[in-house]
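Along the sequence shown, residues are numbered consecutively beginning with 1.
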Amino acid sequence: MAAGAPSVIIPEQPGESPGREREHGRGSAVPPVRPWTRYGVLGLLTLPLGLLGSAFWLGRHVRPSADEWCFLPSVRDHGIAGLVGKFYLSDNGRLGNGLLVGLYAKFEVAGHQWFGLVSGVVMLGLLWAMTVLLLRLAGRTAPRGVPLLVASMVTVVFLFASLNTYKTFYWPASSVSHTAAPVLACAAAVPLLWARSRRGRVVAAASALVVGAFLGTLSEETSVVALVVLTALLLLNRRILVPRVRAQARAWCLAGVAGIGIGTLLLLTSPGSRNRRERYDAGTASMFAPESLADSLGGFLDILGTLLTTWHYLAALAAGVLLALLTGNREGRAPVLLPCRPLFLLGAGTVTFLVAGYLCTVITYPLFGSHVVTAYRTWNDYLLLFVVLLAGAGVLLGRALRGHARHTGAVATAACAAMCVAVCVGLAFPLGELGENMRVRAEKWDHQDQWLREQAARGARVLPYKPLSVSGMGEPFGGRGSRNWPARCVADYYHLKRITYTERLP
């Protein structure tokens, strides 16, 4: 998302003053910041931030469901350490996942309600910080509000353009594994982008090692994406970075790879991971069998078709164009990127995304089978890379447009702003509908929760339960009573012997 990986700044003629700098092959690269630009950016910024704020507010209607019915009594009775141990010894081996789940489950319903706000603010903050730092390292400067505009638009389409926003953003058990995980992986890049001294570079490498190890125990799919991206950076190091920063970048990448390797080894050798592989027949033999690889490819192509035909993602492209059109050279700052080669950068980014996405589909196919195409939450592990790739393509497109007449840039700026407005408005309606469904479920859930607690306090051991689902979430007796899971966990939560199916609220 840095403004087009700009080339090294050179003077127009020997002896000219610094104020007459230009980009290699371009004219003056410092567009004047007019009042209408500043106010237009701030006005446009209110839309994605308003959408995010509304989504955070709707989070108060979130109530436990699916796996969380089992997490809550475990944390209540055994604490966070008990849940982490359960994950490691019997469930899936994900120590990091168990820790994050335990942190919100410790606060029961309140933890679920606050999760969207906390995770959303962290995601937006990290993407904003990365945008600002990448601009600085690319030797670019932008009007106030532009980096936040780009970060907020990326966050909006990443979270809300999903075909199931509830499972993507509001369901904490899914978000910590597939939505927050890829953004947390980006946190390892912040110390690297910030580092200006030897001590800073050491801290950056250590951070990559620690974050990588944690990531390896948090999400297998995000770990795969991170490994593919780090490998690509190692291979392309000499073709995109100036010599003075190559060694630093290589050390950081290798530290990240080592950290992910440590975390993944810890996960794969755990009793919980072994139990999970045996339960779903998801060993390496079945995972890499020719039939599984072919079916995974077919599934990924279907997923790719959905992503490429979802028009809301065009807002990421538009945000990238705006970033390129509204930025200029930062005087006195030597970029760390080599002269821009748009086709090479776009091709390398596309190949990286395709490889990462396919490998993620390969390792999830044994678990989901043909349903991997409709398991929308698992797409998020590589979806952030797709959105960032679109933003980067927008930067390259905007950089090319800057070389044309002034009116061309003005038309492009207006068109991209209009696209951002259209996407925010388009996403607001389904978000509002989801919020209403969540509110209705929350009212019914609270009513049933109070009744169950009252009856259990009076000594009842067996009570009826009406399944309350939203956005396809799992509930006891789903499918009109045909599926029992997780009825036992609900009974444990209310200190009951068992619950029975009913179609009417008590």
Side-chain angles (χ1 to χ4, degrees), residues 55-87 90-91 98 100-119 166-167 169-176 433-506:
F56 298 159
W57 177 246
L58 293 175
R60 73 191 191 279
H61 298 312
V62 175
R63 298 295 186 271
S65 58
D67 308 66
E68 291 152 356
W69 281 120
C70 300
F71 300 154
L72 288 171
S74 179
V75 173
R76 179 194 62 201
D77 298 338
H78 307 290
I80 296 176
L83 183 65
V84 172
K86 183 174 181 292
F87 271 44
S90 61
D91 286 359
L100 293 184
V101 168
L103 287 175
Y104 74 78
K106 184 69 174 177
F107 300 97
E108 297 193 355
V109 174
H112 293 72
Q113 293 174 314
W114 282 89
F115 181 85
L117 171 62
V118 174
S119 63
Y166 190 92
K167 290 185 177 181
F169 179 58
Y170 288 113
W171 184 22
S174 170
S175 181
V176 296
E433 182 178 354
L434 174 60
E436 177 61 17
N437 294 337
M438 291 164 56
R439 184 193 64 79
V440 171
R441 179 189 186 246
E443 290 180 354
K444 295 179 179 179
W445 194 97
D446 290 342
H447 172 78
Q448 183 164 249
D449 174 70
Q450 182 179 359
W451 185 84
L452 289 169
R453 290 181 185 276
E454 291 174 351
Q455 297 302 312
R458 293 174 182 173
R461 300 295 294 158
V462 179
L463 291 173
Y465 179 89
K466 175 179 172 56
L468 300 169
S469 183
V470 61
S471 295
M473 292 298 300
E475 274 281 282
F477 312 118
R480 292 189 175 274
S482 62
R483 296 188 296 271
N484 287 334
W485 181 87
R488 177 182 295 181
C489 295
V490 174
D492 289 342
Y493 181 67
Y494 291 108
H495 300 287
L496 300 171
K497 182 178 180 180
R498 64 187 176 92
I499 59 174
T500 59
Y501 172 62
T502 180
E503 293 185 355
R504 297 181 61 183
L505 278 175

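- For the residue pair Val84 and Gly98, the shortest heavy atom distance occurs at CG2-C, 3.7 Å.
- A side-chain donor-acceptor contact under 3.5 Å links Glu475 to the backbone of Leu468.
- The ring pair (Phe, Tyr, Trp, His ring centres under 6.0 Å) check on Tyr104 picks up His112, Phe115, with sequence neighbours excluded.
- Smallest separation of non-hydrogen atoms from Pro486 and Pro476: CD-N, 3.5 Å.
- Residues Val62 and Met438 approach most closely at CG2-CE, 3.7 Å, considering heavy atoms.
- The two residues Leu72 and Ala105 come nearest to each other via the heavy atoms CD2-O, 3.7 Å.
- Under the 3.5 Å distance criterion, the side-chain polar atoms of Ser90 are matched with a main-chain donor or acceptor of Lys86.
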Under 3.5 Å, side-chain donor or acceptor atoms of residues 490-500 against the rest of the protein: list the pairs with distances, not counting sequence neighbours.
unit_1	atom_1	unit_2	atom_2	d
Tyr493	OH	Arg453	NH2	2.9
Tyr494	OH	Asp449	OD1	2.7

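- Annotation for His61 and Gly435: closest pair CD2-O, 3.9 Å, computed over non-hydrogen atoms.
- Contact of the Leu83 side chain with the His78 side chain is not registered, since no non-hydrogen atoms from C-beta on lie closer than 4.5 Å.
- Side-chain atoms of Phe169 and Ser119, non-hydrogen and from C-beta on, do get closer than 4.5 Å to each other.
- Under a cut-off of 6.0 angstrom, the local environment of CD in Glu454 is crowded, with over 12 non-hydrogen atoms contributed by other residues, nucleotides or ligands.
- Taking Phe107 as the reference, nothing meets the ring pair (Phe, Tyr, Trp, His ring centres under 6.0 Å) condition, with sequence neighbours excluded.
- Counting heavy atoms from C-beta on, the side chains of Trp451 and Pro464 come closer than 4.5 Å.
- The shortest distance between side-chain heavy atoms of Leu58 and Leu434 does not fall below 4.5 Å.
- Annotation: side chain of Trp445 is in contact with side chain of Val109 (closest heavy-atom distance under 4.5 Å).
- The environment of CH2 in Trp57 is sparse: at most 12 heavy-atom neighbours from other residues, nucleotides or ligands sit within 6.0 Å.
- Within the structure, the salt bridge (charged side-chain N to carboxylate O under 4.0 Å, His left out) test picks out the following pairs touching residues 57-78 (sequence neighbours left out): Arg63-Asp446.
- Under the ring pair (Phe, Tyr, Trp, His ring centres under 6.0 Å) criterion, the residue pairs touching residues 456-492 are Phe477-Tyr501, with sequence neighbours excluded.
- Between the side chain of Tyr170 and the main chain of Ala55, a donor-acceptor pair closer than 3.5 Å is present.
- A heavy-atom distance below 4.5 Å is not found between the side chains of Asn437 and Ser471.
- Of the possible donor and acceptor atoms, one in the side chain of Gln448 sits under 3.5 Å from a partner among the backbone N and O of Lys466.
- Sorted by first then second residue, the disulfide (SG to SG under 2.5 Å) pairs that include residues 445-480, not counting sequence neighbours, number zero.
- A distance of 5.0 Å separates OG of Ser65 from CZ of Arg441, quoted to the nearest 0.5 Å.
- The nearest pair of heavy atoms linking Gly479 to Arg483 is N-NH2, 3.4 Å.
- To the nearest 0.5 Å, atom OH of residue Tyr166 and atom OG of residue Ser469 are 8.5 Å apart.
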